[in-house]
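Residue numbers start at 1 and run along the sequence shown. Note that the structure is predicted; figures quoted are calculated from it, not measured. As the structure lists them, so they are numbered: ligands from 1, and atoms in each ligand from 1.
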Amino acid sequence: MNEQWQEVGDRVYVRRHKSYDMNVGLVVGDGHCLVLDTRSSHREAADLIEAVRRITGSPWTVVNSHSHFDHYFGNALFGPAEIWGHVRCAEEIDQYGEQQRAVMIEGHPERREEFEEVTIVPPDHTFTSAASLDIGGRIVHLQHFGLGHSSNDVVVHVPDAGVVFAGDLVEEGAPPAFSDSYPLDWPLTMAAMLDELPEQVIVPGHGAVVDRAYAQAQQAELALVAELARRAHVEGLRDLIKLFPYPEDVTRQAIDRAFLQLDV
Ligand SMILES: [Zn+2]
């Protein structure tokens, strides 16, 4: 996979990385730019910064799409800069950042040093439902449409370019990731995003850039997951598991998370 920037709208770029098939967004204005997500370590962030500098020399504002390590472990290397995120993004990073590091080291001992050298830096500019940024004369909207892939997913909308960065609310190349999710809310959150934002170019947190039809189809799958999970909670899972649109391991994670919501 080539890690070149792809221009998906006027001066709006995506860089898709081999590591976690992860997308970083770049919005370039006059004398300022926005970097969406900072990758999973300082080393990966250094590589990203070099790539940003091939496009623009302007100072940046950073946005974290949500509080998962692969989207923010590189934050420290971008300072000093404003780092934006949902208010719960900052809270969850404070609360679970070290735990995420420990899990990564345990799962990837060969990257121990790389994860140990990460300075965990949460966003220092937060919002609850929406914020608008002036990025060198371009207005960029940050919106939180509700619970979904995480408690704090931020959607970045660049209206003058017709581009939406959906973070991990939309996933391409792999099933949606449910481990920290709110499966009962996710389809509603995605429907709200699609209702409000008419754009055709949607950049997922991982995988290839998609169109509106792809996101709508994924929303329908997520709605089916929520519906089947509710049924399973009443009837027991039994053969229902075969009706889910995702592989069994993914489905079981979705069900576990849905039951957590239903058992409250
Ligand atoms: Zn995530």
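In this structure, R39 forms no cation-pi arrangement with F73, as its terminal cationic atom is not both closer than 6.0 Å to the ring centre and no more than 45° off the ring axis.
Below 30°, between 30° and 60°, or above 60°: for H71 and H66 the angle between ring planes is between 30° and 60°, a tilted geometry.
In summary, D168 places an N/O/S atom under 2.8 Å from the Zn ion (ligand 1), meeting the contact criterion. The distance from the Zn ion (ligand 1) to the nearest N/O/S atom of H71 is not under 2.8 Å.
Using a 4.0 Å cut-off between a side-chain N of Lys or Arg and a carboxylate O of Asp or Glu, R43 and E117 qualify as a salt bridge.
If you put the vertex on the Zn ion (ligand 1), NE2 of H149 and ND1 of H68 sit 90° apart, to the nearest 10°.
Taking 4.5 Å as the limit, every side-chain heavy atom of Q143 sits out of range of all side-chain heavy atoms of V156.
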